[in-house]
A.B. asks: 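One structure coming up, written as structure tokens, with questions to follow.
Computed from a predicted model, the values in this text were never measured in an experiment. Reminder, nothing fancy here: chain letters follow the sequence lines and each chain counts from 1.
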Protein chains: 2
Amino acid sequence: MPKQVDHEQRRRLLAEAVFAVIGTQGFEAVSLRDVAEQAGVSMGTVQYYFPTKRQMLSFALAHMRERVLARLQGAVTALREPTRRDLIRAATAVMLPVDAAGREEACVNIAFFSAATVTPAYAEQLRDGYGRILTVSVASFREASRLGELRDGVDPDVEAPALYFLTQGLVGPILVGLYRPDEALALVDAQLDRVFRPAPP
Amino acid sequence: MPKQVDHEQRRRLLAEAVFAVIGTQGFEAVSLRDVAEQAGVSMGTVQYYFPTKRQMLSFALAHMRERVLARLQGAVTALREPTRRDLIRAATAVMLPVDAAGREEACVNIAFFSAATVTPAYAEQLRDGYGRILTVSVASFREASRLGELRDGVDPDVEAPALYFLTQGLVGPILVGLYRPDEALALVDAQLDRVFRPAPP
DNA sequence: GGCTTTTTCATGCGAGTGCATGGTAACGGT
DNA sequence: ACCGTTACCATGCACTCGCATGAAAAAGCC
């Protein structure tokens with residue numbers, strides 16, 4: 001029984017094609033034909049790996065989550081001797097559309113957020129994904145608080161969601177050109193300044 | 001020359017139908033037939049008032065902005081002897097999907113944000129609309145700062161965007177059920193507590 | 001090499017799309 | 001009362017959509 005291709009890898013390839021189509025032509029323009037063309041295969045192949053369009057999009061959403069997490073992991077491990085603030089700042093920067101990859105991910109994510117308002121399955125996936133990130137963020141802030149890195153009177157259970165939602169709120173405005181990435185990062189830094197104790201020289 | 005109907009009002013009616021369709025079936029499901037049925041008219045009528053679908057959606061986006069501003073105005077004027085913090089909090093609450101109207105508006109807005117990533121005309125409209133709100137917010141914070149209502153060392157030019165983008169970032173998570181409206185308002189209040197001086201008894 | 005299984009593709013189909021067209025009802029001015 | 005403008009509607013058309021079908025190509029196993 002021959003099994004020469006890795007189905008999961010093939011699906012990831014198609015998911016990347018989905019991202020490209022969403023990023024260049026928008027979510028509503030995603031069709032099986034466009035995805036097939038973008039991936040360089042025929043339409044039948046797309047159907048072979050995804051029985052239905054919705055399943056394809058659902059897989060793409062799951063793959064997008066993993067892609068973001070991978071990029072986040074990479075950005076974190078790239079730091080040499082980072083402080084906790086450095087880690088949080090790097091993770092925040094990953095979620096902002098500052099480069100091409102981040103912008104594509106942001107476009108895809110906002111598209112799925114929009115679709116999630118009428119497709120509960122997407123909403124559940126987004127809850128899981130972002131809820132996990134939020135949990136990690138809270139844990140990181142709590143650890144910083146335990147180590148005395150935060151200013152007096154700063155509640156990590158408030159500041160973690162605050163920074164997280166601030167970041168989320170910056171994505172849309174950056175995408176439409178209302179705010180520049182450097183302005184957004186400056187705002188994030190200002191927030192971090194107010195939360196973290198100044199570093200001892 | 002008979003002119004018995006108000007074209008602008010008719011367009012607003014159709015725009016409201018567009019909102020209903022987006023809110024219940026999603027942005028990509030918006031068709032001229034759906035809008036016509038939702039509005040209780042025929043498809044030809046929709047075409048009569050909007051030469052093309054894109055112009056209809058563009059008008060709908062502009063009308064949505066006015067609807068939000070009207071609801072914001074209403075919420076603000078409903079307050080009796082409000083403090084500046086009360087005003088800012090009320091305006092913030094309007095932009096969060098806490099009730100049915102707010103939720104519908106949020107669904108429509110996020111849909112247009114998504115579409116704006118590939119439709120520059122939408123992006124420009126969103127920039128104008130939200131940029132205006134942001135400007136007003138900054139002005140309000142500056143006024144509060146001038147009157148000494150803010151805590152020491154608080155920069156209104158930082159806090160105004162921070163609160164605004166925090167609010168924007170809360171919209172999506174509330175829509176998908178990751179965060180509850182009361183949690184979001186609590187976060188906003190915490191932010192306001194940190195920015196505004198405690199009220200003198 | 002033959003054969004089965006896996007993988008890929010081309011094509012067809014019904015449904016739905018945006019838009020164009022021609023026709024019809026309603027109203028205001030004279 | 002009549003007519004022209006306005007408002008509205010039903011229908012047709014070319015197109016695209018997701019999905020189903022059947023066949024061709026590729027690849028491991030005997």
Side-chain angles (χ1 to χ4, degrees), chain A residues 1-61 108 111-112 114-115 118-119 121-122, chain B residues 1-61 108 111-112 114-115 118-119 121-122:
Chain A
M1 308 143 190
K3 185 191 176 184
Q4 64 249 9
V5 308
D6 182 355
H7 275 221
E8 208 63 16
Q9 175 183 332
R10 214 70 165 156
R11 290 199 183 94
R12 283 194 291 267
L13 182 100
L14 293 173
E16 292 289 333
V18 170
F19 299 158
V21 173
I22 292 179
T24 57
Q25 284 156 294
F27 188 83
E28 52 176 336
V30 173
S31 70
L32 299 185
R33 288 165 179 83
D34 289 342
V35 173
E37 187 183 9
Q38 176 71 36
V41 298
S42 88
M43 210 185 79
T45 301
V46 179
Q47 292 184 270
Y48 179 72
Y49 288 102
F50 296 111
T52 184
K53 181 185 178 184
R54 172 157 299 190
Q55 290 186 41
M56 176 184 74
L57 290 174
S58 201
F59 180 90
L61 177 53
V108 173
F112 274 104
S114 174
V118 290
T119 306
Y122 296 158
Chain B
M1 312 148 188
K3 185 189 178 184
Q4 63 248 11
V5 308
D6 181 355
H7 275 223
E8 209 62 17
Q9 176 184 331
R10 215 71 168 149
R11 291 199 183 93
R12 284 194 291 268
L13 182 99
L14 293 173
E16 294 288 334
V18 170
F19 299 158
V21 173
I22 291 180
T24 57
Q25 284 156 295
F27 187 81
E28 51 176 338
V30 172
S31 70
L32 299 185
R33 287 165 180 83
D34 288 342
V35 173
E37 186 183 9
Q38 177 70 36
V41 299
S42 89
M43 211 186 77
T45 301
V46 179
Q47 293 184 269
Y48 180 72
Y49 288 103
F50 296 112
T52 183
K53 182 186 177 182
R54 171 157 300 191
Q55 291 186 41
M56 177 185 73
L57 291 174
S58 201
F59 180 90
L61 177 54
V108 173
F112 274 105
S114 175
V118 291
T119 307
Y122 296 158

A.B. asks: Might you work through the side-chain contact (heavy atoms from CB on, under 4.5 Å) test for A:F19 and A:Q38, ending with a clear yes or no?
C.D. replies: CA-CA 10 Å; A:F19 299 158; A:Q38 176 71 36; over 6 Å; no
A.B. asks: Could you tell me the separation between the CG atom of A:L32 and the C1' atom of C:dA10, rounded to a whole number of Å?
C.D. replies: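 Value for this atom pair: 15 Å.
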A.B. asks: Of all the choices, C:dG18, D:dC17, D:dC9, which nucleotide is nearest to the side chain of B:S31 once you look at every atom?
C.D. replies: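 That would be C:dG18.
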A.B. asks: Is the distance from OP1 or OP2 of D:dC9 to the nearest side-chain N or O of B:T45 less than 4.0 Å?
C.D. replies: yes
A.B. asks: Report the distance from atom CG of B:L14 to atom OH of B:Y49, rounding to the nearest 0.5 Å.
C.D. replies: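 One finds 8.0 Å between CG of B:L14 and OH of B:Y49.
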A.B. asks: For C:dC9 and A:S42 - does any side-chain N or O of the residue sit under 4.0 Å from the phosphate oxygens OP1/OP2?
C.D. replies: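 Result: yes.
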A.B. asks: Just checking B:V30: base, sugar-phosphate only, or nothing, at a heavy-atom cut-off of under 4.0 Å?
C.D. replies: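 Sugar-phosphate contact only - B:V30 comes under 4.0 Å of backbone atoms but never of a base.
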A.B. asks: Calculate the interatomic distance between B:Q55 atom CD and C:dG18 atom P; express it in whole Å.
C.D. replies: 14 Å
A.B. asks: Starting at CZ of B:R33, measure out to OG of B:S42 and round the result to the nearest 0.5 Å.
C.D. replies: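 It is 11.0 Å, given to the nearest 0.5 Å.
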A.B. asks: Where each residue is assigned the nucleotide of DNA chain D containing its nearest heavy atom, which of B:Y48 and A:T52 is assigned the position nearer the 5′ end?
C.D. replies: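 Its nearest nucleotide lies further toward 5', so the answer is B:Y48.
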A.B. asks: Indicate yes or no: at least one non-hydrogen side-chain atom of A:F112 is less than 4.5 angstrom from one of A:I22.
C.D. replies: yes
A.B. asks: Specify the separation, in whole Å, of atom CD of A:E37 and atom P of C:dA10.
C.D. replies: 12 Å
A.B. asks: Between atom CD in A:Q9 and atom P in C:dT7, what is the gap in whole Å?
C.D. replies: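 For the pair A:Q9 CD and C:dT7 P, the rounded distance is 13 Å.
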A.B. asks: Distance check needed: C:dT21 C1' versus B:Q47 CD, whole Å only.
C.D. replies: 10 Å
A.B. asks: Checking all strands, does B:Y49 fall into the base, sugar-phosphate, or nothing category for heavy-atom contacts under 4.0 angstrom?
C.D. replies: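 The residue B:Y49 makes sugar-phosphate contact but no base contact.
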A.B. asks: A:F50 CZ to D:dA20 P: how many Å, rounded?
C.D. replies: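 After rounding, the reported distance stands at 16 Å.
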A.B. asks: Could you tell me how far apart A:K53 (NZ) and D:dT16 (P) are, to the nearest whole angstrom?
C.D. replies: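 Result: 15 Å.
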A.B. asks: Would you indicate what A:R10 reaches in the nucleic acid, counting non-hydrogen atoms under 4.0 angstrom: base, sugar-phosphate, or nothing?
C.D. replies: sugar-phosphate
A.B. asks: Do the side chain of B:R33 and the base of C:dG16 come within less than 3.5 angstrom through a donor-acceptor pair of N or O atoms?
C.D. replies: no
A.B. asks: B:H7 NE2 to D:dT5 P: how many Å, rounded?
C.D. replies: 15 Å
A.B. asks: Which distance, rounded to the nearest 0.5 Å, do you find between the NZ of B:K53 and the CE of B:M56?
C.D. replies: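 Reported to 0.5 Å precision, the distance equals 6.5 Å.
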